[in-house]
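If you read the sequence from its start, that first residue is 1, and numbering goes on from there. Values in this document were obtained by computation on a predicted structure and should not be read as measured data.
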Amino acid sequence: MAVRVATSVLAVAALAAACSSRAAGPGAGKTAAPGHATASVTSAATGTSVRLRRVRLVVPAGEGGGAFATPRTLQIPAGWTARVWARVPGARMEAWTPAGDLLVSEPDNGIVTELVPDAQGTAKPRTLLRGLTEPQGLAFARVSGHWVLYVAESDQIDRYPWGAAGITGARKVLVRGLPDTDPSGDDVHRTKDVVVSRNGTIYFEIGSSSNASPDDLTMSPPRAVIMSVRPDGRDAHVVERGVRNGEGLALAPDGVVWTAINNRDNIPYPFHKKYGGHADAFGLVIQSYVNNHPPDEVVPVVAGRNLGWPYCNPDQDENHPAGSLARIPFVADALTNPGDGHLNCAKLVPLAVGLPAHSAPLGMSFLEGTKIGAPWSGGAVIAAHGSWNREPPRPPAVLWLAWNRARRTLAPAITMVTGFQLADGSRWGRPVDAVPGPGGALYVSDDTAGAIYRIAPPG
């Protein structure tokens with residue numbers, strides 16, 4: 001048993017207005033007043049239509065200050081409520097303990113915090129682990145009938161024995177010497193996520209050291225890959241390649257591991273065509289094209305698969321119908337792979353699901369079998385961190401993707417939670433992870449506001 005917690009075009013009104021930088025402080029722009037303003041989001045793939053309503057974010061006594069010195073609002077499903085549940089500086093990935101406390105990683109602080117729910121509807125923090133190197137991914141599983149906690153540091157994967165009182169023994173390092181700050185590049189992705197499959201295999205990702213450099217493909221240890229290892233630390237090997245930065249890892253209802261991937265930035269136009277006022281725009285970096293290309297990726301982890309980075313990019317404009325974010329074909333990168341000289345992109349398996357370019361997906365959770373109610377239980381949530389160089393910025397949000405049981409795949413996303421970005425493009429918050437928890441609520445971490453939100457259904 002392993003736990004992390006107990007196609008078509010979208011009409012996504014709230015999302016149209018998401019690179020995983022942990023920078024950016026609270027915005028200084030005007031905040032919207034709470035009220036009865038609503039917006040509808042609809043998935044054309046499933047017909048699911050959800051009404052979002054702007055509500056005031058409740059900040060209990062003692063949880064204010066910082067980003068919450070100014071009243072904040074969020075847009076969430078009608079009838080739901082939003083509350084600051086805990087304050088955790090730089091909060092990243094989350095995992096529920098077997099006893100029902102919430103662990104939260106703080107990579108920048110080198111610690112893992114344990115949040116213990118209290119009678120006031122908030123949680124009391126205590127430091128569980130300290131002195132770690134950029135810890136991020138967290139997962140619980142049973143090994144030989146006993147609970148263990150896995151922690152992904154930026155340079156290694158750890159295992160701790162877990163009992164009724166928490167950690168009961170010394171750390172065992174399963175994989176050492178993972179790529180961290182070296183070799184350096186123009187966009188080094190240090191932090192790592194972790195998930196455990198049904199058979200106990202541990203999967204973790206190693207991000208690229210660059211935006212789009214082929215040098216990553218020949219590095220040792222490898223970069224831009226998904227790897228796996230057995231619970232005893234044996235048989236560590238690469239499972240999937242060409243994965244630029246797959247920070248979101250989650251286990252689907254059919255037992256397959258999926259990953260949500262931050263795609264490249266500043267993509268050059270890939271065709272010898274007229275575009276953006278240029279007679280032949282091939283190889284030019286044009287902001288209007290960059291704004292919507294390439295889509296971020298959501299895919300199953302398949303042994304031996306190559307996702308194409310940095311030679312091939314998914315391009316929804318070449319899909320049928322054009323613009324669809326389901327089963328997206330790949331095209332050659334004009335800079336790294338002109339004329340398919342290094343890799344024939346047309347032969348790659350189409351991308352299962354795309355997210356709007358620069359959404360910056362991070363934490364991912366499937367909701368089947370949890371206390372989350374319908375229709376949300378029939379899908380997955382992804383925390384989108386928001387863009388860093390799009391014009392205008394892609395807003396941070398929590399996205400929901402319906403699970404197609406018959407086809408064993410996800411449908412394109414609709415927005416479930418938004419409102420972290422103000423009208424001037426500044427942000428007061430940026431979600432990192434979203435996990436289901438008690439009362440059918442979602443618990444959303446935010447590394448910019450330094451908080452955990454409880455987004456709860458009616459009742």
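Note on residues 160-169: no pairs pass salt bridge (charged side-chain N to carboxylate O under 4.0 Å, His left out), not counting sequence neighbours.
Within the 4.5 Å cutoff, the side chain of Val112 has no heavy atoms near those of the Leu149 side chain. Counting only heavy atoms from C-beta outward, the side chains of Ser228 and Ile202 never approach each other to under 4.5 Å. You'll find the side chain of Asp193 stays beyond 4.5 Å of the side chain of Met364, heavy atoms only. Between Arg72 and Leu422, some side-chain heavy-atom pair lies under the 4.5 Å cut-off. With a 4.5 Å cut-off on side-chain heavy atoms, Trp162 and Val148 do not count as touching. The shortest distance between side-chain heavy atoms of Leu367 and Trp403 does not fall below 4.5 Å. With contacts defined as side-chain heavy-atom distances shorter than 4.5 Å, the pair Phe204/Val229 qualifies. Contact annotation: the side chain of Pro295 approaches that of Ile328 to within less than 4.5 Å [non-hydrogen atoms, C-beta and beyond].
Using a 4.0 Å cut-off between a side-chain N of Lys or Arg and a carboxylate O of Asp or Glu, Arg87 and Glu63 do not qualify as a salt bridge. Taking a cutoff of 4.0 Å between a charged side-chain nitrogen and a carboxylate oxygen, Asp232 and Arg234 qualify as a salt bridge.
Counted by atom type alone, Ser209 and Asp216 present one or more donor-acceptor pairs between their side chains at under 3.5 Å.
Residue Val50 comes nearest to Ile414 through the heavy atom pair CG2-CD1, 4.0 Å, listed as atom of the first residue, atom of the second, then distance. Scanning all heavy atoms of the two residues, the minimum distance from Arg171 to Leu132 falls at NH1-CD2, 3.7 Å. Pairing each heavy atom of Val381 with each of Ala434, the nearest pair is CG2-O, 3.7 Å. Closest non-hydrogen pair, Gly169 versus Pro161, comes out as N-CG, 3.3 Å. Scanning all heavy atoms of the two residues, the minimum distance from Pro431 to Ala384 falls at CG-O, 3.7 Å. Nearest heavy atom pair, residue Ala352 against residue Thr409, reads CB-OG1, 4.2 Å.
To the nearest 0.5 Å, atoms CG (Leu128) and CD1 (Ile167) are separated by 4.0 Å. With rounding to the nearest 0.5 angstrom, the CD1 atom of Ile372 is 8.5 Å from the OG atom of Ser377. Distance check: Thr201 OG1 to Asp235 CG gives 8.5 Å after rounding to the nearest 0.5 Å. Taken to the nearest 0.5 Å, the CG atom of Leu442 stands 8.0 Å off from the OG1 atom of Thr370. Here Arg230 contributes atom CZ and His237 contributes atom NE2; the two are 9.0 Å apart, rounded to the nearest 0.5 Å. Atom CD of residue Gln156 and atom CZ of residue Arg176 lie 6.0 Å apart, to the nearest 0.5 angstrom.
Formation of a donor-acceptor pair under 3.5 Å by the Asp296 side chain with backbone atoms of Ser359 is found in this model. One N or O on the side chain of Trp309 and one on the backbone of Asn211 form a donor-acceptor pair closer than 3.5 Å. At least one donor-acceptor pair under 3.5 Å links the side chain of Lys192 to the backbone N or O of Ser154. Remark: the backbone N or O of Arg427 is not paired with any side-chain donor or acceptor of Gln421 at under 3.5 angstrom. A donor-acceptor distance shorter than 3.5 angstrom exists from the side chain of Arg244 to the backbone of Asn262, with no hydrogens or angles considered. The main-chain N or O of Pro436 is found under 3.5 Å from a side-chain atom of Trp96 such that the two form a donor-acceptor pair. Between the side chain of Trp428 and the backbone N or O of Gly419 there is at least one donor-acceptor pair closer than 3.5 Å. Remark: side-chain polar atoms of Ser105 are paired, donor with acceptor, to backbone N or O of Met93 under 3.5 angstrom. Side chain of Arg264 to backbone of Asn266: a donor-acceptor contact under 3.5 angstrom is found. Checked by atom type and distance alone, the side chain of Arg54 never pairs as donor or acceptor with a backbone atom of Thr73 at under 3.5 Å.
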Which donor-acceptor pairs under 3.5 Å do the side chains of residues 449-459 make with protein atoms, sequence neighbours left out?
{"unit_1": "Tyr453", "atom_1": "OH", "unit_2": "Asp446", "atom_2": "OD2", "d": "2.7"}
{"unit_1": "Arg454", "atom_1": "NE", "unit_2": "Tyr443", "atom_2": "OH", "d": "2.8"}
{"unit_1": "Arg454", "atom_1": "NH2", "unit_2": "Pro438", "atom_2": "O", "d": "3.3"}

Do any side-chain atoms of residues 76-84 form donor-acceptor pairs under 3.5 angstrom with protein atoms, and if so which ones, sequence neighbours left out?
{"unit_1": "Arg83", "atom_1": "NE", "unit_2": "Gly121", "atom_2": "O", "d": "3.1"}
{"unit_1": "Arg83", "atom_1": "NH2", "unit_2": "Gln120", "atom_2": "O", "d": "3.0"}

Side chain to side chain contact (heavy atoms under 4.5 Å, CB included) assessment of Thr97 paired with Phe140: CA-CA 7 Å; Thr97 72; Phe140 281 92; 3.9 Å; yes
Checking Tyr150 against Val143 for the side chain to side chain contact (heavy atoms under 4.5 Å, CB included) test, could you report, in this order, the C-alpha distance in whole Å, the side-chain angles of both residues, the deciding distance, and whether it holds? CA-CA 11 Å; Tyr150 294 105; Val143 175; 3.6 Å; yes
Walk me through it: do Arg92 and Asp433 pass the test side chain to side chain contact (heavy atoms under 4.5 Å, CB included)? CA-CA 6 Å; Arg92 294 287 280 186; Asp433 201 7; over 6 Å; no
Apply side chain to side chain contact (heavy atoms under 4.5 Å, CB included) to residues Val299 and Arg305 and explain how you reach the verdict. CA-CA 11 Å; Val299 298; Arg305 183 179 182 183; 4.0 Å; yes
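Evaluation of the salt bridge (charged side-chain N to carboxylate O under 4.0 Å, His left out) rule for Lys124 yields Asp118 as partners, not counting sequence neighbours. Residues passing the side-chain contact (heavy atoms from CB on, under 4.5 Å) test with Pro89, sequence neighbours excluded: Glu106, Asn109. Under the side chain to side chain donor-acceptor pair (under 3.5 Å) criterion, Ser208 pairs with His189, sequence neighbours left out.
Just one residue in the list Thr259, Val225, Asn245 forms a side-chain contact (heavy atoms from CB on, under 4.5 Å) with Glu205, and that residue is Asn245. When Asp155, Asp180, Asp108 are each tested for a salt bridge (charged side-chain N to carboxylate O under 4.0 Å, His left out) with Arg190, only one passes: Asp180.
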